[in-house]
Amino acid sequence: MKNVDIQFLLRTLKNRYPDVKTQLVHQTPFQLLTATILSAQCTDRQVNQVTRHLFARFPDPAVLAAANLTDIKKIIYSTGFYNNKAKNIKACAQALLDRHDGQVPDDLDLLVKLPGVGRKTANVVRSAAFGHPAIVVDTHVLRISGRLGLTRSRDPVKVEFDLMKIIPKSAWSDLSLQFIYFGRDICDARKPKCDQCPLFDVCVFPGKKNTDTK
DNA sequence: ATCCCGAGGG
DNA sequence: CCCTCTGGAT
């Protein structure tokens, strides 16, 4: 796409966020998958607060699939979208039993077929639970990729493929997390802190705040 | 008011 | 493509 210096980009983010890892507390791939479904439009802190209780009572697919839906709703209530999420995590647990012997698959196509699991969730699980390189295109990655001129698309899938072309595979997973942290504390949606941005010089975002004096 | 590591349905 | 689902933090 645009000729942003990828090496500079990776170096800068690595320097700022050296050891990125998911903040979602979990002990198994199943728990990470469930926590990630719950994380839609919700902070990780909030998710961890409810999964603490959720996993204590329903630690694995067999137990969660057999759980009472209303009980699940009560526990996950504060993560928002609780009707959909409760239905999805229960159905997902059941699907894991039916199709995968209770194990979480590491295959993207199989993951995406699970209830409540979209491409973003699938890629989180692939990278965080299985160590597979994956670009996770969430709202932050979508926005920042556009602003940095790494893609011209607004379609998450196309953005994912655009990034895969220009980013070395070894950096895929870390870069996704780094963009997310970077999006939270510098390049947020409404008022990006361009005056504090380490990538200001390579950014092509037309709306960026120019602190130049001339 | 606006945002948080979205997904499913029409 | 759009809409809807939703509580909590700031």
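In what follows, chains carry the letters A, B, and so on, assigned in the order in which the sequence lines appear, proteins first and then strands, with residues in each chain numbered from 1. Model, not experiment: these values are computed from the prediction.
- Contact annotation: the side chain of A:Ile76 approaches that of A:Leu54 to within less than 4.5 Å [non-hydrogen atoms, C-beta and beyond].
- Between the A:Glu160 side chain and the A:Val137 main chain, no donor and acceptor come within less than 3.5 Å of each other.
- Side chain of A:Asp155 to backbone of A:Val157: a donor-acceptor contact under 3.5 angstrom is found.
- For B:dC4 and C:dT6, the C1' atoms lie 12 Å apart once the distance is rounded to whole Å.
- Applying a 4.0 Å cut-off to non-hydrogen atoms, none of the residues of residues 119-137 of chain A approaches DNA chain C.
- Using a 4.0 Å heavy-atom cutoff across all strands shown, A:Val141 reaches no nucleic acid atom at all.
- The closest side-chain donor-acceptor pair between A:Thr51 and A:Gln31, if any, does not fall under 3.5 angstrom.
- Side-chain atoms of A:Lys90 never come within 3.5 Å of backbone atoms of A:Leu69 as a donor-acceptor pair (strictly under, hydrogens ignored).
- A:Lys193 and A:Asp185 are not joined by a salt bridge, as no carboxylate oxygen comes within less than 4.0 angstrom of a charged side-chain nitrogen.
- Note on A:Asp188: nothing from the nucleic acid sits closer than 4.0 angstrom, heavy atoms only.
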All N/O contacts under 3.5 Å from nucleotides 7-10 of chain C to the protein, with atom names and distances to one decimal?
unit_1 : atom_1 : unit_2  : atom_2 : d
C:dG7  : OP1    : A:Tyr77 : OH     : 3.3
C:dG7  : N2     : A:Gln41 : O      : 3.3

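- Note on A:Thr139: only backbone sugar-phosphate atoms sit closer than 4.0 angstrom, heavy atoms only; bases stay farther off.
- Residue contacts shown for A:Asn83 are limited to sugar-phosphate atoms, with no base heavy atom under 4.0 Å away.
- Put simply, the residue from A:Val20, A:Asp174, A:Leu148 that forms a side chain to side chain contact (heavy atoms under 4.5 Å, CB included) with A:Phe179 is A:Leu148.
- On the nucleic acid side, DNA chain B contacts chain A at distances under 4.0 Å to non-hydrogen atoms, with the end points of that region at B:dT2 to B:dG8.
- Evaluation of the ring pair (Phe, Tyr, Trp, His ring centres under 6.0 Å) rule for A:Phe182 yields no partner, not counting sequence neighbours.
- Each of A:Phe205 and A:Leu199 belongs to its own hydrophobic cluster when Ile, Leu, Val, Met, Phe, Trp and Tyr are linked at side-chain heavy-atom distances under 4.5 angstrom.
- For A:Arg126, there are no side chain to side chain donor-acceptor pair (under 3.5 Å) partners at least two apart in sequence or on another chain.
- If A:Asn88 and A:Asp44 are placed on DNA chain B by their nearest nucleotide, the residue sitting closer to the 5' end is A:Asp44.
- In this structure, A:Arg147 has no salt bridge (Lys or Arg N to Asp or Glu O under 4.0 Å) partners at least two apart in sequence or on a different chain.
- Residue A:Leu177 is classed as a base contact, given a heavy-atom separation below 4.0 Å to a base.
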